[in-house]
Amino acid sequence: MDNLNPSPDLRVNIGRLELANPVMTASGTFGYGREFSSFVDLDRIGAIVVKGISLEPRAGNPPPRVVETPCGMLNAIGLENVGVEQFLVRKLPFLQQIKCKVLVNILGDSVEEYVALARHLSGHQGIDGLEINISCPNVKKGGVAFGTSPEMAAAVTAAVKAATDLPVIVKLSPNVTDIVTMAKAVEDGGADGISLINTLIGMAIDATTRRPRLGNIIGGLSGPAIKPVALRMVWQVASNVRIPVIGIGGIGTTEDAIEFLLAGASAVQVGTANFYAPSAADTIRQGLADYLSDQPEESLGELIGSLIIEDGS
Amino acid sequence: MDNLNPSPDLRVNIGRLELANPVMTASGTFGYGREFSSFVDLDRIGAIVVKGISLEPRAGNPPPRVVETPCGMLNAIGLENVGVEQFLVRKLPFLQQIKCKVLVNILGDSVEEYVALARHLSGHQGIDGLEINISCPNVKKGGVAFGTSPEMAAAVTAAVKAATDLPVIVKLSPNVTDIVTMAKAVEDGGADGISLINTLIGMAIDATTRRPRLGNIIGGLSGPAIKPVALRMVWQVASNVRIPVIGIGGIGTTEDAIEFLLAGASAVQVGTANFYAPSAADTIRQGLADYLSDQPEESLGELIGSLIIEDGS
Amino acid sequence: MSKFQVTSPIRSCSQLTPDIIRVSLLAPTIARAARPGQFVMVAAGSSRDPLLRRPFSIHNVTADGEVVLLYKIVGQGTRLLAQLRVGQSIDLVGPLGKGFSLSPDTPACLVGGGMGIAPLLFLAKALCSSPRPQEHAILLGARTRDELAPLVEDFRELGYPVHAATDDGSYGHHGFVTELFQEHSTPAHEVCVCGPTPLMAAIARQCLQAGNRCQASLETHMACGLGACLGCTIQAQGGGYKHVCKHGPVFDANEVLWTI
Amino acid sequence: MSKFQVTSPIRSCSQLTPDIIRVSLLAPTIARAARPGQFVMVAAGSSRDPLLRRPFSIHNVTADGEVVLLYKIVGQGTRLLAQLRVGQSIDLVGPLGKGFSLSPDTPACLVGGGMGIAPLLFLAKALCSSPRPQEHAILLGARTRDELAPLVEDFRELGYPVHAATDDGSYGHHGFVTELFQEHSTPAHEVCVCGPTPLMAAIARQCLQAGNRCQASLETHMACGLGACLGCTIQAQGGGYKHVCKHGPVFDANEVLWTI
Ligand SMILES: Cc1cc2nc3c(=O)[nH]c(=O)nc-3n(C[C@H](O)[C@H](O)[C@H](O)COP(=O)(O)OP(=O)(O)OC[C@H]3O[C@@H](n4cnc5c(N)ncnc54)[C@H](O)[C@@H]3O)c2cc1C
Ligand SMILES: Cc1cc2nc3c(=O)[nH]c(=O)nc-3n(C[C@H](O)[C@H](O)[C@H](O)COP(=O)(O)OP(=O)(O)OC[C@H]3O[C@@H](n4cnc5c(N)ncnc54)[C@H](O)[C@@H]3O)c2cc1C
Ligand SMILES: Cc1cc2nc3c(=O)[nH]c(=O)nc-3n(C[C@H](O)[C@H](O)[C@H](O)COP(=O)(O)O)c2cc1C
Ligand SMILES: Cc1cc2nc3c(=O)[nH]c(=O)nc-3n(C[C@H](O)[C@H](O)[C@H](O)COP(=O)(O)O)c2cc1C
Ligand code: FES
Ligand code: FES
């Protein structure tokens, strides 16, 4: 049987950012790309989002930092990173050599820090966009996370947009009552796209030692366990904003990726799956091409948001 | 080797409600008790919380109503129940014959409905307490769930308390930005205890049919997948309220139960585990007795909240 | 109405086709209590992924306490089950649900399609002791000879004549089992059907027209199998819902709202 | 620095004690690239529970492309691994991390406790070709004879004299391997230690005092093994953290802040 569509068009746009295909890797789960070069053809995936970068280097949290949970894991890395200066000197040169797009995930304690990061990171060949991690506490506002206040999220988005010409994606935290309000706030703030979800806040206890299993007590839950929550939020957000949405959360197979695309995501990020299946991003990229070659759609764009909802029920 | 503690005392109190042991079964996962009488000695578990009851019978949502997810499941039962009248006539007589405590989970569209339910259910032998499910939308307030507004949650708690002499437990929804604020609101409203968590909101899509897997599109996520979120919320709430907390979420083994007790729960509810391990409640009750018989503590009460947190880290 | 949870050693196990498997499990309590049309909930491994048990009809029970299942590998759970070997155990909960109810002296017409044939063998065995077994009609359909021939043999061994149909014509009638039904059923037959929903709906409609009593064994997604989760709903004739694990899986065809 | 992901058929598999297992896996690319002290990340089954791979030291490699692992059943992942049989496959990622580095003409003292003995066999084999192999000291400890004797044999087969200690005195010296170390190490030895943290900390301190160079192979929880998750931290001497999968698992003992 002939394929309906032998050379499917996998390109997608996130605002001005054009990706060869919708498969990205999630911040903090793919290092700076190089770590996976034995397993993934870095020239062929859609984009890499590098580990969150702050103005100054951060040492991160005391160990243990990771613990497995049912179909998931908790991490309390504590945003360990080399800082923006070292990133540009030590990590960017490798990233400039690969063909896929590179987004830098940024994090700060105040709006000013985000702005300074955006300035630092603009105008470098090899950096194609910024992803703002707003799950961080705003030290000036009593430590409330940017990602739980629509006003603060909109403010940091607008400030970063004003400071850079790069496309700006805002990454939402799922630990909120109303994800759609958050999404609309960052859309109004001028975001070029929205990525979601970051990790759910969780905890694990060792019944034998009677102690928390993480040095930081609480951590971020990721992996297949959270996929249903992520898919719901992506669907809700994509149905209510006009800017592109990037789906994240438990994506490990081609089928997972298709589900997020159907729900309205224009692209997906592979996170925890990189750990247990280091070639997952490559496999999913190829899987999407194979899938689409058997479908009536000629381009992947037509798949986005094409979930069929029976009415009347 | 002798047991340190050959006949451990498993009794716990939830306000005025004294339970023989801390193992309860979660609403909607244990029917009306009878369904599990082949697998669990109903005279020996701590308490049964029956399926949520409304004033009028409800037919529930169109199928499919359940779908499996990684280490979890989504349900969109839609609160199908026989209504309070039929509950009293058809279900209560069996519950009156068993020795464990019985809590009735109640749900409504308005404060008035909750109050009417509380009145209806008071003064019957065999009903030992009420658990208010506040994950329901408040029709009069534009459909916002009681469980996402501290004011509405406090109001419904206070109104139910005023309408009944029964102990009143309020069951919190985890789909909120700040679970501690919700917990304090219902504590201020006069709750005798707090149970948490209800299900996380999730969604599943069938990539082949391109349709949602649930008739209701979205549903509630339960099972081991959500345990880390539940444990975190129980720990946060138990550390910030003075009333007893009942831990719920992914509990299927004795170890799970101990973790929730260490985090500060005075009792636990076994939910989804009843489906895949129908004798889970019995196994956990026995497991707790065995565990405690090897520990220095003489009573289970001493275990509650005894998580060891190293400071300085 | 006794139900049991039993860790059941695999006694024997055979692969009828690459993806259809028959497995015999030692579970005497369940075997003794089981009635044709009832099912068991099977734990597919000890991991929490997959989390839920899978429902399977009781295909047969033996005098020495075995419960026999017949299943097709379709997904993660059945794939895991198929890896288990003789000597390893499978955890069963059962027997569950409401089975077929037939008056002993009325002739029955059993109609099975695909894996829907599974419960009918147990039913056919029970009917052997009825006054005039030769009046019963057995109509079985599947996609190909491979899938159907070994099952037809089992019914023939019980002494029944069997009418077979395959989609590809490789065995018996070339076509659907509904066509066999038009040919071989009589107005006197009580009809018991199990198979894909379109098959059951078609047979149910033909029975309604012809005035036959008809029972159908339905499938839905199930979480508990015990009547507790209320997840296994089907739409009932006249509005509202019924629960397959409790009111069924065998329903009088008139109780069901056939939407296909 | 090549790393591979390989679906590796089990070639052979033996149970040294009820909970210690040695398994040989066909993984030629990994076997060729592996250096003593490196590890592999092993997928324990195809289900997503457990989700993460498990790290295991490379116990040995063979000329015909086998990677040998030695592991103890301690939890869900190792229990699942132990169920696999010859012919079935295990998915490996490796070789990973930084192994031991020894100058070829310095005598070495290998100190292993419990499962920490695993990587030392591969190391000892590499040392066979050093100028004066008889100058190396091999000191191994475990809880009981059962756990230790078969491993000691492997080292003796390589031609080394081995000093053994058991906690219960059932084999070799009655006591700890640290006591053997005091007796048998010389100031000239480069020390390589792997075992429980208290053992490694004690050896590291003794080496610091005596002026021996000491390398220790550390364990932490790992999610990726590839340097990407930053989860596998240990506290470094002089502040800050190091990552076991990338900067280790073998560290110069001076790099590590020993907190026990
Ligand atoms: C009362 C009852 C009796 C059954 N008896 C038999 C039997 O005797 N032999 C047999 O082979 N099968 C039988 N089934 C169907 C069987 O339960 C499913 O095939 C099995 O659960 C699939 O599990 P899985 O993990 O392999 O597939 P999954 O990965 O769970 O699913 C694979 C595909 O099958 C669909 N599916 C899964 N479970 C069901 C279900 N319960 N109903 C409808 N679709 C489903 C899924 O949506 C998916 O498309 C019966 C079902 C019921 C409800
Ligand atoms: C670099 C490295 C090399 C190793 N080499 C070997 C080896 O050659 N042979 C061997 O038997 N074991 C080795 N281990 C330890 C091995 O990885 C664990 O025993 C294994 O992951 C346990 O998996 P499980 O699912 O059976 O246990 P789990 O159920 O995951 O855990 C059981 C218990 O072990 C603890 N644990 C699990 N993983 C680790 C870990 N990585 N570090 C410390 N504690 C842990 C848990 O906290 C728990 O208390 C090595 C570990 C590392 C980091
Ligand atoms: C170890 C680890 C580190 C992470 N670090 C970051 C980070 O630095 N910045 C960020 O925005 N998200 C970070 N995340 C979140 C992921 O990018 C992703 O949003 C989340 O893990 C959910 O996707 P998954 O289920 O596919 O892993 C991290 C996740 C993990 C597991
Ligand atoms: C099928 C199903 C039905 C439920 N029905 C109710 C209900 O009627 N009222 C309620 O408060 N919670 C209901 N719940 C939520 C559970 O009581 C429990 O809070 C939740 O499932 C988390 O616990 P678990 O992970 O142990 O299942 C239901 C859960 C499931 C799975
Ligand atoms: S499967 Fe749970 S009620 Fe039927
Ligand atoms: S295990 Fe992931 S960085 Fe070391």
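What you see is a predicted model, and the numbers here were worked out from it, not measured in a lab.
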Could you grab the distance from atom CG of D/Leu230 to atom CG of A/Asn75, nearest 0.5 Å is fine? 9.5 Å
Compare every heavy atom of D/Tyr241 with every heavy atom of A/Gly60, then report the nearest pair and how far apart it is. O-CE1, 3.6 Å
More than 12 heavy atoms from other groups under 6.0 Å of CZ on A/Arg34: no
Report yes if the side chains of A/Tyr276 and D/Cys224 come closer than 4.5 Å at any heavy-atom pair, otherwise no. no
With a 4.0 Å cut-off, would you call A/Glu68 and D/Arg54 a salt bridge? yes
Is A/Arg210 atom CZ crowded by more than 12 heavy atoms from other residues, nucleotides or ligands, each under 6.0 Å away? yes
Tell me, yes or no, whether the heavy-atom count around A/Phe94 atom CZ, taken from other residues, nucleotides or ligands under 6.0 Å, exceeds 12. yes
Distance (rounded to the nearest 0.5 Å) between A/Met73 CE and D/Cys229 SG: 5.5 Å
Heavy-atom pairs under 4.5 Å with chain D are the metric here; pick the option from A/Ala59, A/Cys71, A/Gly31 that has the most. A/Cys71
D/Asp49 and A/Pro70: which non-hydrogen atoms are nearest, and at how many Å? OD1-CA, 4.0 Å
Ordered numerically, the heavy-atom neighbours of chain A under 4.5 Å found in residues 26-48 of chain D are D/Arg48
Residue A/Phe39 versus chain D: region with a heavy atom under 4.5 Å: side chain
Nearest-0.5 Å distance that lies between atom CG in D/Leu51 and atom OG1 in A/Thr69: 7.5 Å
Do D/Thr220 and A/Arg65 have side chains that get closer than 4.5 Å, going by heavy atoms? no
Chain D contact via A/Tyr32 - side chain, backbone, both or neither, heavy atoms under 4.5 Å: neither
To the nearest 0.5 Å, tell me how far D/Leu226 CG sits from A/Asn274 CG. 9.5 Å
How many angstroms lie between atom CZ of A/Phe275 and atom CG of D/Leu52, to the nearest 0.5 angstrom? 8.5 Å
Proximal component of A/Ser279, with respect to chain D [non-hydrogen, under 4.5 Å]: both
Got a sec, which residues hit salt bridge (charged side-chain N to carboxylate O under 4.0 Å, His left out) with A/Lys227, two or more places apart in sequence or on another chain? A/Asp256, A/Glu259
Quick check for you: to the nearest 0.5 Å, what is the distance between A/Ser37 atom OG and D/Lys3 atom NZ? 7.0 Å
